[in-house]
*Asks:* 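What follows is a single structure, and I will ask about it in a moment.
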Amino acid sequence: MTNKQTLVELNHISVTAGSHLIVDNVSLKIKEKSVTSLVGPSGAGKSTLLRVINRLTDREDGLRVEGQACYREKCIYTCCQVEDLRQYVGMVFQKPCVFPGSIERNLLFGVRHHKKMNASEIPFFLEKILKQVHLWTEVKDRLKKSASILSMGQKQRLCFARVLAVNPEVMLLDEPTASLDPHSTHEIESLIHELKQEKAIVLVTHDLVQVRRVSDELIFLSAVNGTGRVVESGTPERIFNRPEQEETRHYLSRHRIEEVKL
Amino acid sequence: MISRTLKNQLFITFSRLSGFFVLALLAGVIGVIAVKGMGAISFNFIFSPMQEGGLSGGIIFQIAGTIILITTALVISLPLATGAAIVKSIYWKDTRQAGAYQFFLYVLNGMPSILLGVFGFFFFVKFLGWGKSWLTGGILLAIMILPVAAISIAGGMERIPREYIDNARALGLSTPQIIRSVYLPQSFSSMLSGLFLGLARAVGETAPIMFTATVFAGAVWPDGIIENPVLSLPYHIFNLVQESYDPRAASNAWGSALVLMVFASVFSMLTIIFRLSAHEEARGS
(Lines give C-alpha, C1' and ligand atoms only; values in the text may rest on other atoms or scores of the structure.)
Protein backbone atom coordinates (compact mmCIF):
# COMPACT_ATOMS: atom_id res chain seq x y z
CA MET A 1 0.00 0.00 0.00
CA THR A 2 2.74 2.43 0.92
CA ASN A 3 4.43 2.08 -2.51
CA LYS A 4 1.31 2.99 -4.33
CA GLN A 5 1.15 6.37 -5.98
CA THR A 6 -1.21 8.98 -4.58
CA LEU A 7 -3.70 10.06 -7.25
CA VAL A 8 -5.91 12.40 -5.25
CA GLU A 9 -4.92 14.45 -2.26
CA LEU A 10 -7.10 16.77 -0.22
CA ASN A 11 -5.33 19.17 2.12
CA HIS A 12 -7.27 21.09 4.74
CA ILE A 13 -10.47 21.11 2.72
CA SER A 14 -13.37 23.01 4.26
CA VAL A 15 -16.75 23.38 2.62
CA THR A 16 -19.32 25.95 3.66
CA ALA A 17 -22.88 26.46 2.51
CA GLY A 18 -23.76 30.05 3.31
CA SER A 19 -22.66 30.40 6.91
CA HIS A 20 -22.88 26.68 7.70
CA LEU A 21 -19.66 24.65 7.80
CA ILE A 22 -20.37 21.29 6.14
CA VAL A 23 -16.84 19.88 6.09
CA ASP A 24 -14.09 21.14 8.35
CA ASN A 25 -10.40 20.88 7.56
CA VAL A 26 -10.36 17.45 5.94
CA SER A 27 -7.12 16.02 4.60
CA LEU A 28 -6.89 12.64 2.92
CA LYS A 29 -5.04 10.72 0.23
CA ILE A 30 -6.45 8.39 -2.39
CA LYS A 31 -3.95 5.88 -3.72
CA GLU A 32 -3.95 4.03 -7.00
CA LYS A 33 -5.25 0.44 -7.21
CA SER A 34 -7.00 0.56 -3.88
CA VAL A 35 -10.40 1.04 -2.33
CA THR A 36 -10.70 3.87 0.18
CA SER A 37 -13.96 3.95 2.10
CA LEU A 38 -15.43 7.07 3.67
CA VAL A 39 -17.55 6.02 6.63
CA GLY A 40 -19.51 8.01 9.15
CA PRO A 41 -22.94 9.15 10.17
CA SER A 42 -25.28 11.07 7.88
CA GLY A 43 -24.27 14.71 7.64
CA ALA A 44 -20.56 13.99 7.98
CA GLY A 45 -19.93 15.42 4.51
CA LYS A 46 -18.88 12.17 2.81
CA SER A 47 -20.83 12.78 -0.39
CA THR A 48 -19.80 16.43 -0.36
CA LEU A 49 -16.15 15.35 -0.32
CA LEU A 50 -16.74 13.14 -3.36
CA ARG A 51 -18.35 16.05 -5.14
CA VAL A 52 -15.38 18.25 -4.25
CA ILE A 53 -12.96 15.74 -5.81
CA ASN A 54 -14.54 15.94 -9.26
CA ARG A 55 -15.72 19.53 -8.83
CA LEU A 56 -19.43 18.84 -8.92
CA THR A 57 -19.57 21.45 -6.16
CA ASP A 58 -18.54 24.15 -8.64
CA ARG A 59 -22.04 25.03 -9.78
CA GLU A 60 -23.80 24.69 -6.44
CA ASP A 61 -24.94 28.13 -5.39
CA GLY A 62 -23.69 29.34 -2.04
CA LEU A 63 -21.20 26.48 -1.65
CA ARG A 64 -17.60 27.53 -0.99
CA VAL A 65 -14.66 25.15 -1.02
CA GLU A 66 -11.41 26.16 0.69
CA GLY A 67 -8.13 24.27 0.95
CA GLN A 68 -6.12 22.40 -1.61
CA ALA A 69 -7.38 19.54 -3.75
CA CYS A 70 -4.91 17.85 -6.07
CA TYR A 71 -5.08 15.23 -8.78
CA ARG A 72 -1.69 13.76 -9.62
CA GLU A 73 -0.06 16.48 -7.53
CA LYS A 74 -1.69 19.28 -9.50
CA CYS A 75 -4.46 21.53 -8.23
CA ILE A 76 -7.78 20.31 -9.63
CA TYR A 77 -8.86 23.91 -10.26
CA THR A 78 -5.86 24.80 -12.43
CA CYS A 79 -4.48 21.54 -13.80
CA CYS A 80 -7.02 21.14 -16.54
CA GLN A 81 -10.51 21.93 -17.76
CA VAL A 82 -13.18 20.66 -15.39
CA GLU A 83 -14.56 18.40 -18.15
CA ASP A 84 -11.13 16.77 -18.52
CA LEU A 85 -10.83 16.30 -14.75
CA ARG A 86 -14.16 14.45 -14.76
CA GLN A 87 -12.84 12.14 -17.45
CA TYR A 88 -10.02 11.16 -15.09
CA VAL A 89 -12.22 11.13 -12.00
CA GLY A 90 -15.57 9.42 -12.71
CA MET A 91 -18.52 9.13 -10.37
CA VAL A 92 -21.31 6.61 -9.78
CA PHE A 93 -24.29 7.81 -7.77
CA GLN A 94 -26.53 6.16 -5.21
CA LYS A 95 -29.62 5.95 -7.38
CA PRO A 96 -29.02 4.19 -10.70
CA CYS A 97 -29.86 6.76 -13.34
CA VAL A 98 -30.26 5.63 -16.91
CA PHE A 99 -30.94 8.16 -19.62
CA PRO A 100 -34.00 7.72 -21.82
CA GLY A 101 -33.01 5.69 -24.84
CA SER A 102 -31.25 2.45 -25.58
CA ILE A 103 -28.64 0.58 -23.61
CA GLU A 104 -26.15 1.43 -26.36
CA ARG A 105 -26.98 5.15 -26.16
CA ASN A 106 -26.44 5.04 -22.41
CA LEU A 107 -23.07 3.35 -22.76
CA LEU A 108 -21.84 5.82 -25.34
CA PHE A 109 -23.40 8.82 -23.58
CA GLY A 110 -20.18 10.16 -22.07
CA VAL A 111 -17.48 8.68 -24.25
CA ARG A 112 -18.87 9.97 -27.55
CA HIS A 113 -18.26 13.50 -26.33
CA HIS A 114 -14.62 12.79 -25.54
CA LYS A 115 -13.43 10.50 -28.28
CA LYS A 116 -14.27 9.90 -31.92
CA MET A 117 -15.12 6.29 -32.67
CA ASN A 118 -15.66 4.65 -36.02
CA ALA A 119 -18.95 2.83 -36.43
CA SER A 120 -16.98 -0.40 -36.85
CA GLU A 121 -15.27 0.07 -33.47
CA ILE A 122 -18.46 0.56 -31.49
CA PRO A 123 -19.68 -3.08 -31.26
CA PHE A 124 -16.29 -4.25 -29.95
CA PHE A 125 -16.13 -1.35 -27.53
CA LEU A 126 -19.61 -2.07 -26.18
CA GLU A 127 -18.80 -5.76 -25.75
CA LYS A 128 -15.57 -4.99 -23.90
CA ILE A 129 -17.21 -2.54 -21.49
CA LEU A 130 -20.26 -4.71 -20.86
CA LYS A 131 -18.07 -7.74 -20.19
CA GLN A 132 -16.10 -5.67 -17.71
CA VAL A 133 -19.27 -5.12 -15.65
CA HIS A 134 -20.60 -8.67 -16.27
CA LEU A 135 -23.62 -7.40 -18.15
CA TRP A 136 -22.77 -8.63 -21.64
CA THR A 137 -24.55 -11.99 -21.55
CA GLU A 138 -27.66 -10.39 -20.06
CA VAL A 139 -28.06 -7.57 -22.60
CA LYS A 140 -26.07 -8.53 -25.73
CA ASP A 141 -29.27 -9.23 -27.70
CA ARG A 142 -31.04 -6.04 -26.70
CA LEU A 143 -28.48 -3.28 -26.94
CA LYS A 144 -30.87 -1.21 -29.04
CA LYS A 145 -33.71 -1.66 -26.56
CA SER A 146 -34.59 0.83 -23.85
CA ALA A 147 -32.35 0.82 -20.80
CA SER A 148 -35.34 1.55 -18.59
CA ILE A 149 -36.47 -2.09 -18.69
CA LEU A 150 -33.35 -3.28 -16.84
CA SER A 151 -33.52 -4.28 -13.17
CA MET A 152 -32.09 -1.89 -10.56
CA GLY A 153 -28.95 -3.99 -10.24
CA GLN A 154 -28.48 -4.11 -14.00
CA LYS A 155 -29.08 -0.35 -14.22
CA GLN A 156 -26.39 0.28 -11.64
CA ARG A 157 -23.94 -1.94 -13.53
CA LEU A 158 -24.86 -0.02 -16.68
CA CYS A 159 -24.01 3.19 -14.80
CA PHE A 160 -20.63 1.67 -13.88
CA ALA A 161 -20.15 0.71 -17.55
CA ARG A 162 -21.05 4.22 -18.71
CA VAL A 163 -18.39 5.67 -16.40
CA LEU A 164 -15.84 2.97 -17.33
CA ALA A 165 -16.38 3.76 -21.02
CA VAL A 166 -14.76 7.14 -20.36
CA ASN A 167 -11.85 5.26 -18.74
CA PRO A 168 -11.26 7.23 -15.54
CA GLU A 169 -8.30 6.56 -13.25
CA VAL A 170 -10.32 7.29 -10.13
CA MET A 171 -13.90 6.18 -9.49
CA LEU A 172 -15.98 7.88 -6.85
CA LEU A 173 -18.81 5.64 -5.67
CA ASP A 174 -21.53 7.36 -3.65
CA GLU A 175 -23.40 4.57 -1.85
CA PRO A 176 -23.66 2.55 -5.07
CA THR A 177 -25.47 -0.37 -3.44
CA ALA A 178 -27.82 1.57 -1.16
CA SER A 179 -30.86 0.91 -3.34
CA LEU A 180 -29.95 -2.63 -4.43
CA ASP A 181 -30.95 -6.12 -3.27
CA PRO A 182 -28.31 -8.42 -1.70
CA HIS A 183 -27.62 -10.28 -4.95
CA SER A 184 -27.03 -7.07 -6.92
CA THR A 185 -24.97 -5.72 -4.03
CA HIS A 186 -22.76 -8.82 -4.23
CA GLU A 187 -22.29 -8.29 -7.97
CA ILE A 188 -21.30 -4.65 -7.48
CA GLU A 189 -18.84 -5.63 -4.73
CA SER A 190 -17.25 -8.24 -7.03
CA LEU A 191 -16.97 -5.53 -9.66
CA ILE A 192 -15.28 -3.18 -7.18
CA HIS A 193 -12.76 -5.94 -6.38
CA GLU A 194 -11.94 -6.33 -10.06
CA LEU A 195 -11.80 -2.60 -10.78
CA LYS A 196 -9.34 -1.90 -8.01
CA GLN A 197 -6.73 -3.91 -9.91
CA GLU A 198 -6.34 -0.91 -12.17
CA LYS A 199 -8.19 2.02 -10.63
CA ALA A 200 -8.38 4.02 -7.44
CA ILE A 201 -11.81 3.74 -5.87
CA VAL A 202 -13.37 5.97 -3.25
CA LEU A 203 -16.44 4.40 -1.70
CA VAL A 204 -19.01 6.14 0.46
CA THR A 205 -21.18 3.63 2.27
CA HIS A 206 -23.12 3.05 5.46
CA ASP A 207 -22.70 -0.71 5.11
CA LEU A 208 -19.88 -1.65 7.47
CA VAL A 209 -19.91 -5.26 6.32
CA GLN A 210 -19.30 -4.01 2.82
CA VAL A 211 -16.46 -1.83 4.05
CA ARG A 212 -14.82 -4.87 5.58
CA ARG A 213 -15.28 -6.88 2.38
CA VAL A 214 -13.94 -4.41 -0.16
CA SER A 215 -11.82 -1.70 1.46
CA ASP A 216 -8.07 -1.32 1.78
CA GLU A 217 -8.27 1.94 3.66
CA LEU A 218 -10.99 3.37 5.87
CA ILE A 219 -11.48 7.01 6.74
CA PHE A 220 -13.93 7.62 9.54
CA LEU A 221 -15.69 10.98 9.67
CA SER A 222 -17.85 12.35 12.44
CA ALA A 223 -20.69 14.82 12.25
CA VAL A 224 -20.82 17.31 15.09
CA ASN A 225 -23.53 19.93 14.74
CA GLY A 226 -23.79 19.11 11.06
CA THR A 227 -20.07 19.57 10.40
CA GLY A 228 -17.97 16.67 9.13
CA ARG A 229 -14.40 16.05 10.33
CA VAL A 230 -11.97 13.19 9.89
CA VAL A 231 -11.72 11.33 13.18
CA GLU A 232 -9.26 8.65 12.20
CA SER A 233 -8.08 6.56 9.30
CA GLY A 234 -6.34 3.26 8.76
CA THR A 235 -6.97 -0.26 7.56
CA PRO A 236 -10.47 -1.61 8.17
CA GLU A 237 -9.02 -4.39 10.32
CA ARG A 238 -7.30 -1.94 12.62
CA ILE A 239 -10.23 0.45 12.91
CA PHE A 240 -12.84 -2.25 13.44
CA ASN A 241 -10.75 -4.08 16.03
CA ARG A 242 -8.77 -1.29 17.68
CA PRO A 243 -10.40 2.08 17.12
CA GLU A 244 -8.27 4.83 18.64
CA GLN A 245 -10.96 7.45 19.05
CA GLU A 246 -14.00 7.32 21.29
CA GLU A 247 -16.25 8.66 18.50
CA THR A 248 -15.25 5.81 16.19
CA ARG A 249 -15.76 3.26 18.97
CA HIS A 250 -19.17 4.69 19.75
CA TYR A 251 -20.27 4.73 16.08
CA LEU A 252 -19.06 1.20 15.44
CA SER A 253 -20.69 -0.16 18.56
CA ARG A 254 -23.97 1.46 17.63
CA HIS A 255 -23.79 -0.24 14.25
CA ARG A 256 -23.43 -3.71 15.74
CA ILE A 257 -19.79 -3.91 14.94
CA GLU A 258 -19.61 -7.21 16.81
CA GLU A 259 -21.21 -8.77 13.75
CA VAL A 260 -18.46 -7.66 11.47
CA LYS A 261 -15.38 -7.98 13.66
CA LEU A 262 -12.58 -9.66 11.78
CA MET B 1 -76.56 30.84 10.83
CA ILE B 2 -75.79 28.75 7.76
CA SER B 3 -74.59 25.29 8.66
CA ARG B 4 -71.24 24.00 7.39
CA THR B 5 -72.98 21.31 5.31
CA LEU B 6 -75.10 23.93 3.56
CA LYS B 7 -72.03 26.12 2.91
CA ASN B 8 -70.24 23.12 1.41
CA GLN B 9 -73.26 22.31 -0.74
CA LEU B 10 -73.49 25.90 -1.97
CA PHE B 11 -69.81 25.96 -2.78
CA ILE B 12 -69.99 22.65 -4.68
CA THR B 13 -73.12 23.73 -6.56
CA PHE B 14 -71.55 27.08 -7.52
CA SER B 15 -68.38 25.32 -8.74
CA ARG B 16 -70.41 22.85 -10.79
CA LEU B 17 -72.55 25.58 -12.32
CA SER B 18 -69.46 27.63 -13.20
CA GLY B 19 -67.84 24.62 -14.80
CA PHE B 20 -71.01 23.81 -16.71
CA PHE B 21 -71.40 27.44 -17.84
CA VAL B 22 -67.85 27.58 -19.25
CA LEU B 23 -68.34 24.25 -21.02
CA ALA B 24 -71.72 25.33 -22.40
CA LEU B 25 -70.28 28.62 -23.62
CA LEU B 26 -67.44 26.86 -25.42
CA ALA B 27 -69.74 24.20 -26.86
CA GLY B 28 -72.15 26.94 -27.96
CA VAL B 29 -69.49 28.94 -29.83
CA ILE B 30 -68.05 25.82 -31.46
CA GLY B 31 -71.52 24.51 -32.25
CA VAL B 32 -72.76 27.72 -33.87
CA ILE B 33 -69.59 28.07 -35.98
CA ALA B 34 -69.76 24.39 -36.98
CA VAL B 35 -73.46 24.46 -37.89
CA LYS B 36 -73.35 27.80 -39.72
CA GLY B 37 -70.00 27.08 -41.36
CA MET B 38 -70.83 23.58 -42.63
CA GLY B 39 -73.25 25.07 -45.11
CA ALA B 40 -70.43 26.87 -46.91
CA ILE B 41 -67.88 24.06 -46.83
CA SER B 42 -67.32 22.22 -50.09
CA PHE B 43 -64.36 20.99 -52.11
CA ASN B 44 -64.71 24.06 -54.30
CA PHE B 45 -64.76 26.40 -51.27
CA ILE B 46 -61.54 24.96 -49.85
CA PHE B 47 -59.57 24.54 -53.07
CA SER B 48 -60.54 27.44 -55.29
CA PRO B 49 -59.61 31.12 -55.16
CA MET B 50 -61.94 33.89 -54.02
CA GLN B 51 -64.22 35.56 -56.56
CA GLU B 52 -66.45 38.63 -56.49
CA GLY B 53 -64.71 40.09 -53.46
CA GLY B 54 -65.37 37.00 -51.40
CA LEU B 55 -69.04 36.64 -52.26
CA SER B 56 -68.28 33.52 -54.25
CA GLY B 57 -65.39 31.19 -54.95
CA GLY B 58 -63.20 29.74 -52.21
CA ILE B 59 -60.42 30.44 -49.78
CA ILE B 60 -57.41 28.48 -51.07
CA PHE B 61 -55.07 31.51 -51.00
CA GLN B 62 -56.37 32.58 -47.58
CA ILE B 63 -55.51 29.09 -46.30
CA ALA B 64 -52.12 29.17 -48.05
CA GLY B 65 -51.35 32.64 -46.69
CA THR B 66 -52.29 31.60 -43.16
CA ILE B 67 -50.03 28.54 -43.46
CA ILE B 68 -47.17 30.73 -44.76
CA LEU B 69 -47.58 33.16 -41.85
CA ILE B 70 -47.73 30.55 -39.12
CA THR B 71 -44.93 28.45 -40.62
CA THR B 72 -42.72 31.54 -40.75
CA ALA B 73 -43.70 32.35 -37.17
CA LEU B 74 -42.89 28.78 -36.13
CA VAL B 75 -39.49 28.78 -37.84
CA ILE B 76 -38.54 32.13 -36.28
CA SER B 77 -39.91 31.51 -32.80
CA LEU B 78 -38.55 27.97 -32.29
CA PRO B 79 -34.84 28.88 -32.00
CA LEU B 80 -35.57 32.17 -30.22
CA ALA B 81 -37.88 30.60 -27.65
CA THR B 82 -35.44 27.73 -27.11
CA GLY B 83 -32.56 30.16 -26.63
CA ALA B 84 -34.61 32.26 -24.22
CA ALA B 85 -35.54 29.13 -22.23
CA ILE B 86 -31.90 27.97 -22.10
CA VAL B 87 -30.76 31.34 -20.77
CA LYS B 88 -33.54 31.48 -18.19
CA SER B 89 -33.43 27.87 -16.98
CA ILE B 90 -29.76 26.96 -17.30
CA TYR B 91 -27.42 29.91 -17.40
CA TRP B 92 -29.50 32.15 -15.14
CA LYS B 93 -30.99 29.35 -13.05
CA ASP B 94 -32.06 30.50 -9.57
CA THR B 95 -30.78 34.02 -10.14
CA ARG B 96 -32.49 37.39 -10.01
CA GLN B 97 -31.99 37.75 -13.76
CA ALA B 98 -34.17 34.65 -14.31
CA GLY B 99 -36.98 36.22 -12.28
CA ALA B 100 -36.68 39.50 -14.19
CA TYR B 101 -36.57 37.61 -17.49
CA GLN B 102 -39.71 35.68 -16.59
CA PHE B 103 -41.43 38.96 -15.72
CA PHE B 104 -40.39 40.42 -19.08
CA LEU B 105 -41.82 37.35 -20.88
CA TYR B 106 -45.13 37.71 -19.01
CA VAL B 107 -45.27 41.41 -19.95
CA LEU B 108 -44.60 40.58 -23.60
CA ASN B 109 -47.28 37.89 -23.46
CA GLY B 110 -49.82 40.35 -22.10
CA MET B 111 -49.06 43.03 -24.67
CA PRO B 112 -52.15 43.85 -26.79
CA SER B 113 -51.63 42.46 -30.29
CA ILE B 114 -52.63 45.76 -31.89
CA LEU B 115 -49.49 47.32 -30.38
CA LEU B 116 -47.38 44.72 -32.16
CA GLY B 117 -49.22 45.61 -35.34
CA VAL B 118 -48.47 49.31 -34.82
CA PHE B 119 -44.81 48.56 -34.08
CA GLY B 120 -44.59 46.31 -37.15
CA PHE B 121 -46.19 48.94 -39.34
CA PHE B 122 -43.84 51.73 -38.32
CA PHE B 123 -40.67 49.61 -38.16
CA PHE B 124 -40.95 47.07 -40.98
CA VAL B 125 -43.45 48.65 -43.35
CA LYS B 126 -42.32 52.27 -43.11
CA PHE B 127 -38.83 52.44 -41.57
CA LEU B 128 -37.34 49.40 -43.35
CA GLY B 129 -39.50 50.04 -46.40
CA TRP B 130 -40.67 46.45 -46.72
CA GLY B 131 -44.26 47.49 -47.44
CA LYS B 132 -46.77 44.80 -46.62
CA SER B 133 -44.84 41.54 -46.45
CA TRP B 134 -45.56 37.99 -45.33
CA LEU B 135 -42.19 38.03 -43.52
CA THR B 136 -43.26 40.96 -41.34
CA GLY B 137 -46.43 39.06 -40.43
CA GLY B 138 -44.38 35.94 -39.61
CA ILE B 139 -41.99 37.96 -37.44
CA LEU B 140 -44.82 39.69 -35.55
CA LEU B 141 -46.68 36.42 -34.97
CA ALA B 142 -43.35 34.87 -33.82
CA ILE B 143 -43.02 37.68 -31.24
CA MET B 144 -46.55 36.83 -30.08
CA ILE B 145 -45.72 33.13 -29.74
CA LEU B 146 -42.32 33.70 -28.17
CA PRO B 147 -43.26 34.25 -24.49
CA VAL B 148 -45.71 31.33 -24.31
CA ALA B 149 -43.25 29.01 -26.05
CA ALA B 150 -40.25 30.18 -23.99
CA ILE B 151 -42.09 29.78 -20.68
CA SER B 152 -43.30 26.31 -21.69
CA ILE B 153 -39.83 25.16 -22.82
CA ALA B 154 -38.24 26.62 -19.68
CA GLY B 155 -40.80 24.74 -17.56
CA GLY B 156 -39.90 21.52 -19.37
CA MET B 157 -36.19 22.12 -18.78
CA GLU B 158 -36.76 22.85 -15.10
CA ARG B 159 -38.68 19.57 -14.69
CA ILE B 160 -35.71 17.49 -15.90
CA PRO B 161 -34.54 15.40 -12.95
CA ARG B 162 -31.40 16.69 -11.27
CA GLU B 163 -29.83 13.19 -11.53
CA TYR B 164 -29.67 13.44 -15.30
CA ILE B 165 -27.72 16.66 -15.10
CA ASP B 166 -25.41 15.41 -12.33
CA ASN B 167 -24.71 12.16 -14.19
CA ALA B 168 -24.00 13.97 -17.45
CA ARG B 169 -21.76 16.48 -15.68
CA ALA B 170 -19.91 13.73 -13.84
CA LEU B 171 -19.21 12.06 -17.20
CA GLY B 172 -17.31 15.18 -18.23
CA LEU B 173 -19.89 16.80 -20.48
CA SER B 174 -19.67 20.56 -20.78
CA THR B 175 -22.78 22.71 -20.34
CA PRO B 176 -23.38 23.07 -24.12
CA GLN B 177 -23.01 19.29 -24.50
CA ILE B 178 -25.49 18.74 -21.65
CA ILE B 179 -27.90 21.15 -23.34
CA ARG B 180 -27.66 19.19 -26.59
CA SER B 181 -27.74 15.72 -25.03
CA VAL B 182 -30.06 16.14 -22.06
CA TYR B 183 -31.97 19.41 -21.93
CA LEU B 184 -33.14 19.63 -25.55
CA PRO B 185 -34.22 16.01 -26.06
CA GLN B 186 -35.85 15.90 -22.63
CA SER B 187 -37.82 19.11 -23.13
CA PHE B 188 -38.84 18.33 -26.72
CA SER B 189 -42.49 17.71 -25.82
CA SER B 190 -42.66 20.93 -23.81
CA MET B 191 -41.08 22.72 -26.75
CA LEU B 192 -43.77 21.51 -29.14
CA SER B 193 -46.63 22.03 -26.71
CA GLY B 194 -45.53 25.64 -26.09
CA LEU B 195 -45.16 26.37 -29.77
CA PHE B 196 -48.53 24.89 -30.69
CA LEU B 197 -50.21 26.71 -27.82
CA GLY B 198 -48.76 29.94 -29.16
CA LEU B 199 -49.73 29.06 -32.71
CA ALA B 200 -53.30 28.24 -31.66
CA ARG B 201 -53.57 31.81 -30.43
CA ALA B 202 -51.56 33.43 -33.23
CA VAL B 203 -53.39 31.72 -36.09
CA GLY B 204 -56.54 33.72 -35.43
CA GLU B 205 -54.87 37.08 -34.79
CA THR B 206 -55.80 39.89 -37.15
CA ALA B 207 -54.37 42.98 -35.47
CA PRO B 208 -50.63 42.30 -35.94
CA ILE B 209 -51.00 41.38 -39.61
CA MET B 210 -53.71 43.65 -40.96
CA PHE B 211 -51.43 46.68 -41.44
CA THR B 212 -48.26 44.74 -42.11
CA ALA B 213 -48.67 41.48 -43.96
CA THR B 214 -52.05 40.77 -45.37
CA VAL B 215 -54.48 42.21 -47.91
CA PHE B 216 -58.07 41.34 -48.70
CA ALA B 217 -57.57 40.63 -52.39
CA GLY B 218 -55.01 40.64 -55.15
CA ALA B 219 -52.32 38.43 -53.64
CA VAL B 220 -51.51 34.84 -54.55
CA TRP B 221 -48.12 33.23 -53.90
CA PRO B 222 -45.33 35.49 -52.58
CA ASP B 223 -42.32 35.73 -54.90
CA GLY B 224 -40.09 37.87 -52.71
CA ILE B 225 -40.06 39.67 -49.38
CA ILE B 226 -40.63 43.37 -50.04
CA GLU B 227 -44.16 44.39 -51.05
CA ASN B 228 -45.29 40.77 -50.92
CA PRO B 229 -48.42 40.48 -48.84
CA VAL B 230 -50.51 37.33 -48.54
CA LEU B 231 -54.19 36.67 -48.03
CA SER B 232 -55.14 35.27 -44.64
CA LEU B 233 -58.17 33.71 -42.99
CA PRO B 234 -58.53 36.12 -40.04
CA TYR B 235 -58.39 39.21 -42.27
CA HIS B 236 -60.71 37.58 -44.79
CA ILE B 237 -63.27 36.89 -42.06
CA PHE B 238 -62.82 40.45 -40.73
CA ASN B 239 -63.71 41.86 -44.13
CA LEU B 240 -66.55 39.47 -44.95
CA VAL B 241 -68.26 40.13 -41.63
CA GLN B 242 -68.28 43.84 -42.50
CA GLU B 243 -70.14 42.90 -45.71
CA SER B 244 -72.39 40.38 -44.00
CA TYR B 245 -75.63 42.16 -44.89
CA ASP B 246 -75.17 40.10 -48.07
CA PRO B 247 -76.12 36.49 -47.21
CA ARG B 248 -73.39 35.14 -49.52
CA ALA B 249 -70.71 37.09 -47.62
CA ALA B 250 -72.15 35.92 -44.29
CA SER B 251 -72.16 32.29 -45.43
CA ASN B 252 -68.54 32.49 -46.62
CA ALA B 253 -67.54 34.23 -43.38
CA TRP B 254 -69.00 31.33 -41.36
CA GLY B 255 -67.25 28.81 -43.65
CA SER B 256 -63.91 30.61 -43.28
CA ALA B 257 -64.44 30.81 -39.51
CA LEU B 258 -64.97 27.05 -39.39
CA VAL B 259 -61.74 26.42 -41.30
CA LEU B 260 -59.88 28.79 -38.97
CA MET B 261 -61.40 27.02 -35.97
CA VAL B 262 -60.15 23.70 -37.33
CA PHE B 263 -56.64 25.17 -37.59
CA ALA B 264 -56.78 26.45 -34.01
CA SER B 265 -58.29 23.18 -32.74
CA VAL B 266 -55.56 21.11 -34.40
CA PHE B 267 -52.90 23.24 -32.71
CA SER B 268 -54.74 23.03 -29.38
CA MET B 269 -55.00 19.25 -29.65
CA LEU B 270 -51.31 18.98 -30.52
CA THR B 271 -50.60 21.15 -27.47
CA ILE B 272 -52.55 18.78 -25.24
CA ILE B 273 -50.89 15.68 -26.74
CA PHE B 274 -47.37 17.04 -26.31
CA ARG B 275 -48.14 18.44 -22.85
CA LEU B 276 -49.37 15.05 -21.68
CA SER B 277 -46.31 13.48 -23.22
CA ALA B 278 -44.07 15.98 -21.37
CA HIS B 279 -45.77 15.12 -18.07
CA GLU B 280 -45.44 11.40 -18.80
CA GLU B 281 -41.71 11.88 -19.43
CA ALA B 282 -41.33 13.79 -16.18
CA ARG B 283 -43.25 11.10 -14.27
CA GLY B 284 -41.47 8.23 -16.00
CA SER B 285 -38.05 9.53 -15.11
Side-chain angles (χ1 to χ4, degrees), chain A residues 47 50-51 53-63 80-101 105-115 146-149 155-156 158-168 170-174 179, chain B residues 86-102 153-154 156-193 273-285:
Chain A
S47 298
L50 290 193
R51 296 173 80 89
I53 294 172
N54 76 348
R55 292 182 54 186
L56 277 179
T57 45
D58 281 15
R59 289 178 66 88
E60 289 184 27
D61 282 340
L63 215 61
C80 50
Q81 294 284 316
V82 64
E83 290 83 18
D84 294 332
L85 175 77
R86 290 172 186 155
Q87 268 186 268
Y88 312 137
V89 184
M91 185 158 176
V92 176
F93 295 83
Q94 177 181 341
K95 187 179 161 197
C97 170
V98 295
F99 294 105
R105 178 179 182 260
N106 267 275
L107 281 167
L108 299 175
F109 191 88
V111 69
R112 72 192 161 97
H113 290 284
H114 299 300
K115 166 172 134 177
S146 171
S148 63
I149 56 168
K155 280 182 184 169
Q156 191 61 302
L158 184 65
C159 292
F160 269 83
R162 194 170 60 198
V163 174
L164 285 170
V166 181
N167 196 23
V170 181
M171 286 187 74
L172 310 173
L173 312 181
D174 192 359
S179 48
Chain B
I86 287 171
V87 168
K88 180 188 168 294
S89 305
I90 302 170
Y91 289 106
W92 286 352
K93 190 181 176 192
D94 299 330
T95 64
R96 278 186 196 167
Q97 291 100 306
Y101 202 65
Q102 175 138 332
I153 300 169
M157 287 179 171
E158 282 154 20
R159 280 195 298 272
I160 293 173
R162 163 87 185 260
E163 304 99 80
Y164 285 1
I165 312 302
D166 274 352
N167 274 271
R169 213 174 280 292
L171 286 166
L173 272 68
S174 61
T175 302
Q177 288 170 332
I178 293 172
I179 290 170
R180 285 200 304 274
S181 306
V182 182
Y183 280 108
L184 292 182
Q186 286 300 296
S187 54
F188 187 65
S189 298
S190 303
M191 198 180 287
L192 294 180
S193 76
I273 291 167
F274 286 115
R275 186 144 294 182
L276 288 174
S277 162
H279 284 277
E280 279 296 310
E281 278 169 14
R283 250 207 313 266
S285 57

*Asks:* Of the backbone (N, CA, C, O) and the side chain (C-beta and beyond), which part of Arg55(A) lies under 4.5 Å from a heavy atom of chain B, both, or neither?
*Replies:* neither

*Asks:* Which heavy atom of Asn167(B) sits nearest a heavy atom of Cys97(A), and at what distance?
*Replies:* ND2-CB, 3.4 Å

*Asks:* Shortest non-hydrogen contact from Tyr164(B) to Phe99(A)?
*Replies:* O-CE2, 3.5 Å

*Asks:* Answer with side chain, backbone, both or neither: which region of Val163(A) has an atom nearer than 4.5 Å to a non-hydrogen atom of chain B?
*Replies:* both

*Asks:* Could you tell me which portion of Val92(A) (side chain, backbone, both or neither) has an atom closer than 4.5 angstrom to a non-hydrogen atom of chain B?
*Replies:* neither

*Asks:* Which one of Thr95(B), Asp94(B), Val182(B), Leu171(B) has the most heavy-atom pairs closer than 4.5 Å to chain A?
*Replies:* Leu171(B)

*Asks:* Run the side-chain contact (heavy atoms from CB on, under 4.5 Å) test on Ser174(B) and Gln81(A) for me, step by step, so that the C-alpha distance in whole Å, both residues' side-chain angles and the decisive distance to 0.1 Å come before the verdict.
*Replies:* CA-CA 10 Å; Ser174(B) 61; Gln81(A) 294 284 316; over 6 Å; no

*Asks:* Sort Gln94(A) into side chain, backbone, both or neither according to what part of it lies under 4.5 angstrom from a heavy atom of chain B.
*Replies:* neither

*Asks:* Measuring heavy-atom distances to chain B, does His113(A) have an atom under 4.5 Å in its side chain, in its backbone, in both, or in neither?
*Replies:* both

*Asks:* Where on Phe93(A) is there a heavy atom nearer than 4.5 Å to chain B: the side chain, the backbone, both, or neither?
*Replies:* side chain

*Asks:* What option among Arg162(A), His114(A), Arg86(A) has the most heavy-atom pairs under 4.5 Å with chain B?
*Replies:* Arg86(A)

*Asks:* Starting at CD of Gln87(A), measure out to CG of Leu173(B) and round the result to the nearest 0.5 Å.
*Replies:* 9.5 Å

*Asks:* For the pair Arg162(B) and Glu60(A), find out whether any cationic side-chain nitrogen is under 4.0 Å from an anionic carboxylate oxygen.
*Replies:* yes

*Asks:* Testing the basics here: between Pro100(A) and Gln186(B), what is the closest heavy-atom pair and its distance to 0.1 Å?
*Replies:* CG-NE2, 2.9 Å

*Asks:* Side-chain contact, heavy-atom cut-off 4.5 Å: Asp166(B) with Met91(A)?
*Replies:* no

